[in-house]
Amino acid sequence: MNPVNAATRVIADLLADDRWAIAHGFQDGCPRILRYRDAISQELGRSEHQHLVLIRWSYPEAEGKEGLPSTTSLDEMSQFEDALLAAVERPLADVLVSAVTGQGQRIWALYVRSPTAFSEKFGDVHAPGDGYPIEVGIWMDPDWGYFFNEILGAID
């Protein structure tokens with residue numbers, strides 16, 4: 001089998017399984033909640049998904065919650081995430097690998113096959129001036145260093 005097709009199949013299996021884990025901790029004295037796909041390993045075929053996309057949503061901290069969002073902000077972020085996954089994960093086979101919440105922000109990390117295709121589909125979810133307080137960055141990360149070092153490394 002072609003290695004590229006094998007990588008696509010493995011990612012498709014990962015998305016179909018849709019298994020997540022949650023870790024709780026503290027960073028700079030504030031609570032931090034980390035949600036991540038726990039079925040991802042170094043052996044996962046990642047050759048087609050070499051671009052890391054980080055989406056940062058800044059929210060006002062809920063009173064007395066030390067950096068965590070209000071229920072209203074949680075609802076808005078959940079609706080945004082559902083729309084994001086419908087736009088890019090299912091049709092493009094891009095992969096949301098983690099969502100980190102704390103210190104007044106949520107950061108989603110995705111690995112995408114094509115930054116251009118992602119940007120086009122993302123435009124269906126977010127347009128400048130739509131009221132979502134987000135920033136987006138795209139980087140080359142063929143080894144998935146962000147996921148393995150920053151996300152999984154924070155758990156160990």
Side-chain angles (χ1 to χ4, degrees), residues 7-113 118 121-122 124-126 130-156:
T8 302
R9 192 183 80 242
V10 171
I11 294 294
D13 292 345
L14 175 73
L15 295 176
D17 184 32
D18 201 28
R19 198 173 78 202
W20 291 85
I22 297 176
H24 300 268
F26 289 87
Q27 183 175 8
D28 300 327
C30 292
R32 182 174 150 169
I33 302 167
L34 174 63
R35 181 168 46 98
Y36 63 99
R37 289 190 192 265
D38 65 347
I40 297 174
S41 69
Q42 290 283 359
E43 290 75 38
L44 179 73
R46 307 180 303 269
S47 62
E48 288 190 338
H49 295 76
Q50 298 192 6
H51 301 275
L52 168 66
V53 175
L54 295 180
I55 303 170
R56 179 186 322 268
W57 177 305
S58 297
Y59 55 79
E61 298 176 13
E63 190 170 325
K65 294 245 185 163
E66 299 176 340
L68 295 177
S70 66
T71 302
T72 300
S73 291
L74 280 172
D75 289 344
E76 291 171 349
M77 288 185 289
S78 179
Q79 290 172 10
F80 171 79
E81 183 175 320
D82 289 346
L84 174 68
L85 295 181
V88 302
E89 195 173 65
R90 294 175 192 109
L92 299 178
D94 291 342
V95 183
L96 176 66
V97 296
S98 66
V100 180
T101 306
Q103 295 184 306
Q105 63 186 2
R106 174 171 288 171
I107 300 172
W108 290 274
L110 300 94
Y111 282 93
V112 305
R113 293 167 25 165
F118 171 83
K121 289 289 190 179
F122 186 69
D124 296 339
V125 177
H126 170 68
D130 66 7
Y132 288 142
I134 64 171
E135 300 170 29
V136 180
I138 302 175
W139 297 269
M140 281 294 296
D141 186 12
D143 297 326
W144 291 31
Y146 177 83
F147 179 76
F148 291 113
N149 299 324
E150 300 296 321
I151 300 301
L152 294 185
I155 296 167
D156 296 334

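What's counted below: heavy atoms across the whole structure, side chains too, no hydrogens, waters or symmetry copies.
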Engineer: Any carboxylate oxygen within less than 4.0 angstrom of a Lys/Arg side-chain nitrogen, looking at R37 and E89?
Structural biologist: yes
Engineer: Tell me every residue that passes side-chain contact (heavy atoms from CB on, under 4.5 Å) with Q27, counting only those two or more places apart in sequence or in another chain.
Structural biologist: R32, Q103
Engineer: Identify the heavy atoms of A87 and V125 that sit nearest to each other, and give their distance.
Structural biologist: CB-CG2, 3.4 Å
Engineer: Begin with the C-alpha distance, continue with both residues' side-chain angles, and end with the deciding distance and a verdict on side chain to side chain contact (heavy atoms under 4.5 Å, CB included) for L68 and L74.
Structural biologist: CA-CA 9 Å; L68 295 177; L74 280 172; over 6 Å; no
Engineer: How would you list, by chain and number, every residue that makes a side chain to side chain donor-acceptor pair (under 3.5 Å) with S78, sequence neighbours excluded?
Structural biologist: none
Engineer: In chain order, what residues pass the side-chain contact (heavy atoms from CB on, under 4.5 Å) check against D38, with sequence neighbours excluded?
Structural biologist: R19, A21, Y36
Engineer: Which atom names give the shortest non-hydrogen contact between A109 and L54, and what distance separates them?
Structural biologist: CB-CD2, 3.6 Å
Engineer: With the side chain counted from C-beta on, respond yes when L34 and I155 share a heavy-atom pair under 4.5 Å apart, and no when they do not.
Structural biologist: yes
Engineer: Under a 3.5 Å threshold, yes or no: a donor from one side chain and an acceptor from the other, between D141 and Y111?
Structural biologist: yes
Engineer: What pairs with Q50 under side-chain contact (heavy atoms from CB on, under 4.5 Å), at least two apart in sequence or on another chain?
Structural biologist: M140, P142
Engineer: Should V112 and V88 count as side-chain neighbours, where that means a heavy-atom distance under 4.5 Å?
Structural biologist: no
Engineer: Excluding sequence neighbours, so at least two apart, what forms side-chain contact (heavy atoms from CB on, under 4.5 Å) with F148?
Structural biologist: I40, Q42, R46, W144, L152
Engineer: Do the non-hydrogen side-chain atoms of V97 and L110 ever get within less than 4.5 Å of each other?
Structural biologist: no
Engineer: So, using side chain to side chain donor-acceptor pair (under 3.5 Å) as the criterion, who are the partners of W139 when residues are at least two apart?
Structural biologist: none
Engineer: Measuring from I151:CD1 to I107:CD1, what's the distance to the nearest 0.5 Å?
Structural biologist: 8.0 Å
Engineer: Apply the test side chain to side chain contact (heavy atoms under 4.5 Å, CB included) to residues V136 and V53: give CA-CA distance (whole Å), side-chain angles for both, the deciding distance (0.1 Å), then the verdict.
Structural biologist: CA-CA 7 Å; V136 180; V53 175; 4.0 Å; yes
Engineer: Nearest 0.5 Å please: distance from the CG atom of L52 over to the CG atom of D143.
Structural biologist: 12.0 Å
Engineer: Would you mind reporting whether S73 and P60 have side-chain heavy atoms less than 4.5 Å apart?
Structural biologist: yes
Engineer: According to ring-ring contact (aromatic ring centres under 6.0 Å, His included), who are the partners of F80, at least two apart in sequence or on a separate chain?
Structural biologist: W57, W108, Y132
Engineer: Return the CZ to NE2 distance between R113 and H49, rounded to the nearest 0.5 Å.
Structural biologist: 5.5 Å
Engineer: Distance check, rounded to the nearest 0.5 Å: D94 atom CG versus E48 atom CD?
Structural biologist: 10.5 Å
Engineer: Kindly state each residue pair satisfying salt bridge (charged side-chain N to carboxylate O under 4.0 Å, His left out) with at least one member in residues 75-85, sequence neighbours excluded.
Structural biologist: R35-E81
Engineer: For Y59 and G67, which heavy atoms make the closest approach, and how far apart are they?
Structural biologist: OH-O, 2.7 Å
Engineer: Distance from I55 atom CD1 to Q105 atom CD, nearest 0.5 Å?
Structural biologist: 13.5 Å
Engineer: Taking all non-hydrogen atoms of both residues, which atom of L96 and which atom of W20 are closest, and how far apart?
Structural biologist: O-CH2, 3.5 Å
Engineer: Partners of T101 by side chain to side chain donor-acceptor pair (under 3.5 Å), sequence neighbours excluded?
Structural biologist: R106
